[in-house]
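Here the structure comes first, spelled out in structure tokens, and everything after it is commentary.
First listed ligand is number 1; within each ligand, the first listed atom is number 1.
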Amino acid sequence: MEERSRRTFLNRLTGAVVGLGAVVTGWPMLRSLFPNILYEPPRRFSIGLPASFPQGVTFLDERRIFVFRQNNQFHIVSGICTHLGCTVKFAPFPQERELTVRNYTFQAAGEFHCPCHGSKFHEDGTNYSGPAPRPLQWYQVEMSPNNGELLVDLSQEVDRDFRLVV
Ligand code: FES
């Protein structure tokens, strides 16, 4: 009787070990049948009609971009700090001031501050303080020929003198 129960136990143990081995070796093969796809939001998207933006700076937090409007001119500045990717904040000046940065003169209404490690950027995106190694990116924006909405393309960087005139 004892011999039989010992045999049963050993049979079950063997079955469990073989089953575990099959799972361990078979899982990678099963997993390889499914592609590794990373679903990312589209790099080109509409942000609405030009008239829906007030004069000045509007932050679109779901896209992490700043939309600048000056009369009928638009440009887009990234809200992603070039140090470690935190979202920068726009800090308005009490009064507009004229700045010359990298041989480029413009009227600045404020500047960008990064809350993570203190980097600061001029309004044109140029980094001037803190650990950020590069300026904030500027992105392509154009008007859709279909419905007149603004189309931002995060895959296309533009120079800081770019303006879309609508
Ligand atoms: S992430 Fe902006 S300063 Fe570090």
Side-chain angles (χ1 to χ4, degrees), residues 24 27-28 30-166:
V24 168
W27 172 249
L30 268 178
R31 181 67 187 87
S32 70
L33 296 176
F34 302 97
N36 289 323
I37 298 175
L38 185 62
Y39 292 100
E40 290 185 348
R43 307 276 293 159
R44 184 178 154 87
F45 48 84
S46 166
I47 56 172
L49 291 168
S52 64
F53 289 91
Q55 296 290 331
V57 188
T58 303
F59 181 57
L60 302 182
D61 57 348
E62 71 280 8
R63 301 290 187 178
R64 298 174 78 194
I65 56 173
F66 291 89
V67 180
F68 282 77
R69 178 180 183 184
Q70 187 176 29
N71 300 320
N72 60 344
Q73 297 185 4
F74 288 82
H75 69 272
I76 307 293
V77 178
S78 169
I80 300 172
C81 179
T82 56
H83 180 221
L84 293 177
C86 287
T87 302
V88 298
K89 304 217 176 312
F90 188 74
F93 296 143
Q95 266 188 328
E96 275 199 4
R97 58 181 83 147
E98 188 175 278
L99 285 181
T100 300
V101 180
R102 293 187 287 155
N103 300 321
Y104 178 66
T105 301
F106 55 95
Q107 286 295 122
E111 62 184 16
F112 299 100
H113 296 169
C114 181
C116 291
H117 312 101
S119 286
K120 293 183 179 179
F121 305 82
H122 294 299
E123 191 180 279
D124 73 334
T126 303
N127 50 312
Y128 75 89
S129 173
R134 292 179 307 282
L136 300 173
Q137 292 174 310
W138 284 46
Y139 296 123
Q140 168 78 29
V141 58
E142 62 188 25
M143 208 152 107
S144 166
N146 300 327
N147 55 16
E149 294 186 350
L150 296 173
L151 295 175
V152 176
D153 190 344
L154 301 183
S155 66
Q156 284 194 50
E157 266 191 74
V158 294
D159 290 332
R160 63 189 168 141
D161 57 355
F162 170 90
R163 298 290 183 280
L164 170 70
V165 181
V166 298

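Of all heavy-atom pairs between S52 and L49, the closest is OG-O, 2.5 Å. Counting all heavy atoms, side chain and backbone alike, I80 lies closest to G85 at CG2-CA, 3.8 Å.
For the pair SG of C114 and SG of C81, the angle whose vertex sits at atom 2 (Fe) of ligand 1 is 110° to 10 degrees.
Scanning the protein for heavy atoms near atom 3 (S) of ligand 1, the closest one is S119 OG, 3.2 Å. Protein heavy atom at the shortest distance from atom 1 (S) of ligand 1 is L84 N, 3.3 Å.
The N, O or S atom of H83 lying closest to atom 4 (Fe) of ligand 1 is ND1. Of all N/O/S atoms in H117, ND1 sits nearest atom 4 (Fe) of ligand 1.
Taken together, the cysteine pair C116 and C86 places its SG atoms within less than 2.5 Å of each other.
Salt bridge absent: E111 and R97 never bring a charged side-chain N and a carboxylate O closer than 4.0 Å.
At a threshold of 2.8 Å, atom 2 (Fe) of ligand 1 has no backbone or side-chain N, O or S atom of C116 nearer than that distance. Taking backbone and side-chain atoms together, C86 has no N/O/S atom less than 2.8 Å away from atom 2 (Fe) of ligand 1.
Two rings, from F162 and H75, have their centers 6.0 Å or more apart.
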Using side chain to side chain contact (heavy atoms under 4.5 Å, CB included), reason through F53 and L150 one step at a time and then give a plain yes or no. CA-CA 10 Å; F53 289 91; L150 296 173; 4.0 Å; yes

